Amino acid sequence: MKGLLTKDFRILAGQKRYFTIIILIALIFLCSGQPAQIIVGYCTMFGMLFTVNTISYDEFDHGYLFLFTLPVTRKDYVLEKYVFMMLCGGGFWAVSAAAGFVADYIRGDVVSLLEWLMPMFLILLEMTIFLAVMLPVSLKYGMEKSRTATMILGFAVLGAAIAARKLLPENFAGGLRWSAQLNPATVTAVVFLVSLATLAVSFAGSVRIMQKKVF
């Protein structure tokens with residue numbers, strides 16, 4: 001697995017130009033006074049998209065045929081992708097959350113650290129669900145079709161959130177107030193357990209997809 005991780009990190013290092021653009025846009029968000037949730041969500045999602053793109057490099061020019069001549073099983077390959085994307089996604093999340101916290105603290109928007117962390121944990125859960133959906137789809141159908149599926153999923157979630165806020169304003173606002181009153185320790189435990197269960201189901205599906213894949 002160490003060799004596969006090294007390969008993917010080297011691929012990631014070759015995309016410095018795109019990461020520079022992400023950082024510049026995030027800095028614009030920070031300077032314009034945007035909430036930390038927007039910055040963290042933006043950086044985490046785009047960071048995950050870049051890591052998923054490593055699959056397209058493995059597919060290019062019959063790359064799978066070469067990879068599996070090495071002492072690597074298909075299960076090892078799938079496991080490495082999940083580890084790599086969790087490391088990268090978690091890294092983007094942590095760095096952007098730290099920057100967002102500093103910006104909010106300077107503006108005086110941080111009343112309580114625990115309350116501030118609540119939406120950050122929800123973003124982490126969203127990242128896990130994104131990974132759990134995106135990876136099996138990418139392995140099954142390839143990167144082009146998976147991008148389309150991801151866009152449809154993203155617009156569906158966004159549309160559902162907007163519709164809920166428009167059609168049920170009182171319930172929506174009440175839900176936000178209710179979430180702000182939750183125990184942070186409870187939220188952390190729930191996010192961890194849901195993320196673990198989601199990843200376990202997704203991993204099993206991805207392994208099954210790779211075992212049936214013909215190159």
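In this chain, numbering begins with 1 at the start of the sequence shown. What's counted below: heavy atoms across the whole structure, side chains too, no hydrogens, waters or symmetry copies. Only a predicted model underlies this, so the values are computations on that prediction, with no experimental measurement involved.
- Contact of the Leu12 side chain with the Cys88 side chain is registered, since non-hydrogen atoms from C-beta on lie closer than 4.5 Å.
- Residues Leu5 and Ile55 share a single hydrophobic cluster, defined by chaining ILVMFWY side chains whose heavy atoms lie under 4.5 Å apart.
- Residues passing the ring-ring contact (aromatic ring centres under 6.0 Å, His included) test with Phe9, sequence neighbours excluded: Phe84.
- Cluster partners of Tyr57 are Ile11, counting Ile, Leu, Val, Met, Phe, Trp and Tyr whose side-chain heavy atoms approach within less than 4.5 Å, directly or via other members.
- Residues Val72 and Glu80 are not in side-chain contact: their nearest non-hydrogen atoms beyond the backbone lie 4.5 Å or more apart.
- Side-chain contact between Leu4 and Leu67 is present, with heavy atoms from C-beta onward closer than 4.5 Å.
- Of all the heavy atoms in Pro136 and Leu131, the pair that sits closest is CD-O, 4.0 Å.
- The minimum heavy-atom distance between Gln211 and Arg74, with the atom names listed, is O-NH1, 3.8 Å.
- Taken together through direct or relayed side-chain contacts under 4.5 Å among Ile, Leu, Val, Met, Phe, Trp and Tyr, Leu199 and Val201 form parts of separate hydrophobic clusters.
- Across every non-hydrogen atom of Leu139 and Lys213, the tightest pair is O-NZ, 2.6 Å.
- Considering only residues two or more places apart in sequence or on other chains, Lys75 meets the salt bridge (charged side-chain N to carboxylate O under 4.0 Å, His left out) condition with none of them.
- Minimum heavy-atom separation, Val137 to Val133: CG2-O, 3.2 Å.
- Phe92 and Leu27 fall within the same hydrophobic cluster, where Ile, Leu, Val, Met, Phe, Trp and Tyr residues are linked whenever their side-chain heavy atoms come under 4.5 Å apart, directly or through other members.
- Nearest heavy atoms, Ser202 versus Ala132: OG-O, 2.7 Å.
- The shortest distance between side-chain heavy atoms of Met85 and Met134 does not fall below 4.5 Å.
- By the salt bridge (charged side-chain N to carboxylate O under 4.0 Å, His left out) test, Asp8 pairs with Lys81, sequence neighbours left out.
- Residues meeting the ring-ring contact (aromatic ring centres under 6.0 Å, His included) test with Tyr77, sequence neighbours left out: Tyr64, Phe68.
- The shortest side-chain heavy-atom distance between Val194 and Ile129 does not fall under the 4.5 Å cut-off.
- Environment of NZ in Lys7: crowded, with over 12 heavy atoms of neighbouring residues, nucleotides or ligands closer than 6.0 Å.
- Residues passing the side-chain hydrogen bond (donor to acceptor under 3.5 Å, both in side chains) test with Ser206, sequence neighbours excluded: Tyr82.
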Intermediate values then yes/no, side-chain contact (heavy atoms from CB on, under 4.5 Å), Val78 and Leu135: CA-CA 9 Å; Val78 173; Leu135 250 178; over 6 Å; no
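- At least one side-chain heavy atom of Leu24 sits under 4.5 Å from a side-chain heavy atom of Thr20.
- Between Leu124 and Ser195, every side-chain heavy-atom pair lies at or beyond the 4.5 Å cut-off.
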